[in-house]
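Notes to accompany the following structure.
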Amino acid sequence: QSQKRRLNVLKSVLNLHVCVEEPWCSFVHTDAEVSTRRKTFAEVQTERLEQAERTILIKCPPKINEKKLLQYLSSHGKINSHFFFENRGIHALIEFSEKNSIASLQDVIGIPSATEHHVVPFKSRLFIFTLKNPVGQAAAETPIHLSPQSHIPVKDLIQKLCGAESISSQMYTLLNEYQLTEENIKLRFLACSLVRDFARAYFPDSVVKPFGSSVNTFGKLGCDVDMFLDFHKTGKHTTKMKKGPFEMEYQMKRLPSERLATQKILSVIGDCLDNFGPGCVSVQKILNARCPLVKFSHQPTGFQCDLSVSNSIAIKSSELLYIYGCLDSRVRALVFSIRCWARIHGLTNSVPGAWITNFSLTMMIMFFLQKRSPPIIPTLDQLRELADKEDQHIIGGYDCSFVSDFSKINPTKNTETLDVLLCDFFEYFGNFDFRKNSINLRKGKEVNKPESSPLYIWNPFEQDLNISKNVNQPQLEKFVALARESAWILQKEDKTLRMVNKEPWGLAALLIPFGKSNPNKIKNRMKGIGSETIKSLLDSLKKLDS
Ligand code: CTP
Ligand code: MG
């Protein structure tokens, strides 16, 4: 038994090395430093935003001579990197080494005459490549490589998982299939940078930055791009100016509330994107929401985008999750598996409603990891203790300080395998006293619920907010029932027998809607749950089968 355990530990360590190669965990290398340190969230953001400013997107003909295209573009400057992808036709993302190469390219491009098309005088960074004879001899022989921008279908994933050696390696397989690729991340930052080009028409100092799952290390291929307009630079400018005798005109036009200002800004940017934004379609202004936003589909990159105005606290929670995601390779593997499980069983949904969101679910997983013995990740209070002067941030009266350089965080001594963690996660929340307790990541322990919401997860920064306020009792009960069922499957199901019978096992068995295999089983295992829930669950299972 102990040999088996050691083998599992070894496997998870080996997997750890595989995961270090992914784009999230980039390192800072300097000649002087022998040791390397991981980049902070802010460093990664700055670098990627700057890279996106030097980047363009080209729509290409179906058959393209890669060499010819690169040769032509090189006459405008050095190309740092490029890749091709399919999105209603082939596109190429080109990253120049210098920003002025783009201006040089824009200068030689003709704008369609006004008699044929009514054009808006805006030079975009989206180009169409049209050569008279694009397919040369060489192109026919060497087809271009298309970088995938979506994950494999669940059916294929399950098949792949069945061939893995352990649940732990199943979880790393899922992670590798679903996580954002280097190319996809570049495309996300480019989408923000293209929106910034528009925002700048109104607000010259503004920046558009991604937040949420595009940058918190937990995004999967295909997830939306959450972006926000940041006037940070303008803000700095304001503080400087306060000392002098002048006030700028635009600062004088004050509005009675920040919310109204946000709504006005988003309204004009929304109109601007709708009227002039190349490839921005289905623009929807949702200005009365708690957090006003503009939703649109960005066709050239293929992303669904949510644009809001700088929400410093949401960015802090993205950074916090980024740190947790980078600290230990098991964190992301666990989150991706559980998020995938939740989506398949209808616990999460792409439209808003009374269900648990990916964000809430991720926070629950972080809390579970804080509660391990020894803990796998530190509590927010512990991260605050490690914060230095530059890390001090008070936003809207809330202390949002925590360490940004995570080389200061001691690595965990916990060596549990993902097999154990997955099963224990389901068991832990299958038996959690949701009626009495709430989830508090700042303290890393259960706290009495301050009010009666079925699920109470403290916003880590705005301590009087519950991030899962939307979740209703039936949804929570469904989560509990599915967690219990999943723990039962992992503990009791005979892996060898399932493999011999060519049945999905381990994580794969959890990714098949349970009602489909045997609805009677689930009924027997739901001791302690209200009969109403059992009835509603059985009803929903019946619906699944019909
Ligand atoms: N957010 C928050 N409080 C909430 C909901 C969201 O602070 N109640 C912030 C979080 O920083 C979150 C971001 O807004 O990461 C984006 O929200 P959302 O798109 O719902 O979550 P993601 O983390 O991006 O996950 P998904 O992949 O489902 O989009
Ligand atoms: Mg999101």
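Order of listing sets the numbers, starting from 1, for every ligand and every atom in it. Because the structure is predicted, anything quoted here is derived from the model rather than measured.
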> Phe218 and Val331: side-chain contact (heavy atoms from CB on, under 4.5 Å), yes or no, with the steps?
Replying inline: CA-CA 9 Å; Phe218 297 115; Val331 177; 3.9 Å; yes
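Stacking of Lys316 on the aromatic ring of Phe402 is recorded, both the 6.0 Å distance cut-off and the 45° axial limit being met.
In this structure, Lys469 pairs ionically with Glu451, as a charged nitrogen and a carboxylate oxygen lie closer than 4.0 Å. Ion pairing between Asp433 and Lys436 fails under the 4.0 Å rule for side-chain N and carboxylate O.
Between Phe432 and Phe367, the angle of the ring planes goes over 60°, which puts this pair in the perpendicular group of the 30/60° scheme.
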Could you tell me, for ligand 1, which of its N or O atoms are under 3.5 Å from any protein N or O, listing the pairs and their distances rounded to 0.1 Å?
| unit_1 | atom_1 | unit_2 | atom_2 | d |
| --- | --- | --- | --- | --- |
| ligand 1 | 11 (O) | Ala314 | O | 3.0 |
| ligand 1 | 11 (O) | Ser317 | OG | 2.9 |
| ligand 1 | 19 (O) | Asp226 | OD1 | 3.3 |
| ligand 1 | 19 (O) | Asp226 | OD2 | 3.1 |
| ligand 1 | 24 (O) | Ser213 | N | 2.9 |
| ligand 1 | 24 (O) | Ser213 | OG | 3.2 |
| ligand 1 | 24 (O) | Asp226 | OD2 | 2.9 |
| ligand 1 | 27 (O) | Ser213 | OG | 2.9 |
| ligand 1 | 28 (O) | Asn358 | ND2 | 3.0 |

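Between His345 and Phe514, the gap from one ring centroid to the other is short of 6.0 Å.
Among residues at least two apart or in separate chains, there is no ring pair (Phe, Tyr, Trp, His ring centres under 6.0 Å) pair with a member in residues 273-294.
The number of protein N/O/S atoms found under 2.8 Å from the Mg ion (ligand 2) is 1.
Side-chain contact, Arg442 with Thr379: no donor N or O sits under 3.5 Å from an acceptor N or O.
Here Asp391 pairs with nothing under the salt bridge (Lys or Arg N to Asp or Glu O under 4.0 Å) rule; sequence neighbours left out.
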